Amino acid sequence: MNILIAVTGSISAYKSYDIIRNLINNGATVRVLCSNGALEFIRPQTFRYLGAKKVYLPTNDFLKDDEINSSSEEIQHIELSRWADQLLIAPASANMISQLSQGCTSNLISSVFLAWDNKKPIHIFPAMNSKMYHHPFTQENIKKLETLDNILVHKPAKGLLACGDFGDGKLPSVELITDVILSSSLNFFETNNTTKNILISTGATIAPIDSVRYLTNSSSGITGFYIAQEALSQGYNVCVIAGKNASSRLDHLLCFKRYRLVRATTNNDFEIAIKNEMKNFHYYISAAAIGDIEFTPSNTKIKKSEMPESIVLKRTPDILKELLAKRSPTQKIIGFAAESGLNEKLLREKWTRKPVDLLIGTEVNNGLTNKSIVEGFSNDNAKYSFFENNNVTFTGMLKKKNLAKSIMSRINKW
C-alpha cells in the first residue's frame with residue numbers, strides 16, 4: 001500500500017514520526033509532504049531516517065524525482081496523486097482545512113488534493129485549539145470537505161491542549177490513526193448490494209454469580225479486530241459482536257460506513273445478537289470465547305457468611321451448533337476451538353459435532369495456574385491448527401494479524 005502523508009502546522013506534528021513508523025512497520029510504503037507550518041515543528045530529514053521513501057517540501061512541486069518514472073515526472077502534484085493509494089493529512093491545521101475547502105493551490109499539499117482521484121480515500125485528522133476547531137468558519141469548511149464521498153474528516157480527541165485549554169482539538173492516538181489507515185480500502189465509501197457481508201464474534205463473555213462477582217476468561221478480542229481490519233481493507237461489509245471488555249481498538253473502526261460494532265456481555269446477549277445478525281451475512285467467523293457455563297445469579301452480593309461450599313453450574317446453549325443447523329446453503333461458517341493440549345483427535349471430535357467450513361484450533365493458557373506458560377490470549381501470536389476438508393491442513397505459530405490474512409484468503413476463494 002502506498003500512503004502519502006501530509007504534515008501541517010500543528011504542535012502535534014511530532015506525532016507524525018510515530019504514525020509513519022507504525023505504517024512502515026506494517027508494510028506500507030510512505031512518502032511525506034510538509035507544509036510551511038509543519039517545518040516550524042519538525043525536521044523533514046527525520047522522516048527519511050524512519051523509513052519514508054521521499055520527503056517533499058512546500059516548493060518541491062516541479063523538482064525532478066528520479067524515483068517516479070513517467071512522462072510527466074517533473075509535475076509532482078500529478079505524479080504523487082497517481083502514485084498513492086491513500087492520502088493522510090495528520091495533523092490538519094485550521095489553515096490547511098480552509099485552503100483545501102476553498103480549492104486553493106498555494107502549496108504542494110493543496111495541489112495534490114485537487115489532483116486526487118475521487119475514487120481513492122483521503123483521511124483528514126484536524127488538530128488545533130478548541131475555539132479554532134469549533135469556530136463556525138472551521139466547521140463550515142469541514143462540512144464542505146465532507147460533501148465529497150471519498151473524504152473522511154475525523155473528530156479530534158478531547159483533552160488538555162498545548163495552549164493550556166481543555167477541550168476538543170487533540171490529534172487522536174497514533175494507534176487509532178494507523179488502525180484506520182490500515183483498515184481503509186480503495187472503495188471504503190461505496191455501498192452496493194453485491195458486496196459480501198462478514199459477521200465476526202470476538203472477546204469474552206461474562207457470567208454473573210451475584211451483583212458483584214462474575215466468571216469470565218482472558219480473551220481480549222484482538223483476533224476479531226485483526227479479522228475485521230483485514231476484511232474492511234478488502235472492501236467487505238463487516239459487523240462485529242464483541243464482548244463488553246474486548247479491545248478498544250474495535251472502536252477505532254467506527255468511522256467506516258461498512259462497519260458496525262455491537263457490544264455484548266453475557267452468553268445470552270451474544271446468542272441474541274448473533275442470531276439477529278446471522279440472516280444478513282454470507283460468512284460468520286465465530287472467534288469469541290463464549291463461555292459454556294452460567295449460574296443463577298443473586299440480585300445482591302452473597303455475604304461471606306452465607307456463601308455455599310459449591311455453586312450450581314448450568315450448561316449454556318451451544319450457539320454455533322444451532323447456527324450450523326439453521327444456516328442457509330450459501331452461508332459459510334468458521335469456528336474456533338480454544339484448547340490446552342490441542343491435537344488432531346480433539347479437532348476431529350469437535351468438527352464431527354460441529355462441521356464448520358473451517359475449524360481453527362488455538363493453543364491457549366492464561367498463565368494463572370502455570371505462570372511459565374502464557375499462550376494465545378495475551379500474546380500477539382499463538383499456535384494454530386486448521387482443520388478443513390476432513391484434514392489438518394496447517395499447524396504452526398502465527399501472528400494474529402497474519403492469521404486474519406490467512407482466514408480472508410480462504411474466504412476469498414469460497
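As the structure is a computational prediction, the values presented were derived from the model and not from experiment.
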Q: Apply side-chain hydrogen bond (donor to acceptor under 3.5 Å, both in side chains) to Tyr56 and Arg31, showing your working.
A: CA-CA 8 Å; Tyr56 300 86; Arg31 292 172 183 258; 2.6 Å; yes
Taking 4.0 angstrom as the limit, do [X] and [Y] come out as a salt bridge?
X: Glu230; Y: Lys401; value: no
X: Arg263; Y: Asp251; value: yes
X: Glu79; Y: Arg82; value: yes
X: Asp149; Y: Lys119; value: no

Could you pull out every donor-acceptor pair under 3.5 Å between side chains of residues 154-169 and any protein atom, sequence neighbours left out?
{"residue": "His154", "atom": "NE2", "partner": "His123", "partner atom": "ND1", "Å": "2.9"}
{"residue": "Asp165", "atom": "OD2", "partner": "Asn129", "partner atom": "ND2", "Å": "3.1"}
{"residue": "Asp168", "atom": "OD2", "partner": "His134", "partner atom": "NE2", "Å": "2.8"}

**Q.** Pairs where residues 87-98 contributes a residue and the test salt bridge (Lys or Arg N to Asp or Glu O under 4.0 Å) is met, not counting sequence neighbours
**A.**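 Every candidate salt bridge (Lys or Arg N to Asp or Glu O under 4.0 Å) pair involving residues 87-98 fails, so no pair, neighbours aside, qualifies.
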Q: Could you list all the salt bridge (Lys or Arg N to Asp or Glu O under 4.0 Å) pairs where at least one residue sits in residues 7-17, not counting sequence neighbours?
A: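 Found none.
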Q. Side chains of Arg213 and Lys301: closer than 4.5 Å at any heavy-atom pair?
A.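 Of all side-chain heavy-atom pairs linking Lys301 with Arg213, at least one is under 4.5 Å.
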(Q) Run the salt bridge (Lys or Arg N to Asp or Glu O under 4.0 Å) test against Glu344 and tell me which residues pass, sequence neighbours left out. (A)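 Salt bridge (Lys or Arg N to Asp or Glu O under 4.0 Å) check on Glu344 returns Arg348.
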Got a donor-acceptor contact below 3.5 angstrom from the [X] side chain to the [Y] backbone?
X: Asn150; Y: Lys120; answer: yes
X: Glu294; Y: Arg315; answer: no
X: Thr8; Y: Pro91; answer: yes

Q: Name all pairs fulfilling the side chain to side chain donor-acceptor pair (under 3.5 Å) condition that reach into residues 268-278, sequence neighbours left out, sorted by first residue then second.
A: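 Qualifying pairs: Arg260-Glu277, Thr266-Asp269, Glu271-Lys275, Lys275-Glu322.
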Q. What residues form a side-chain contact (heavy atoms from CB on, under 4.5 Å) with Ser110, not counting sequence neighbours?
A.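 By the side-chain contact (heavy atoms from CB on, under 4.5 Å) rule, Ser110 matches Gln99, Leu100, Ser106, Asn107.
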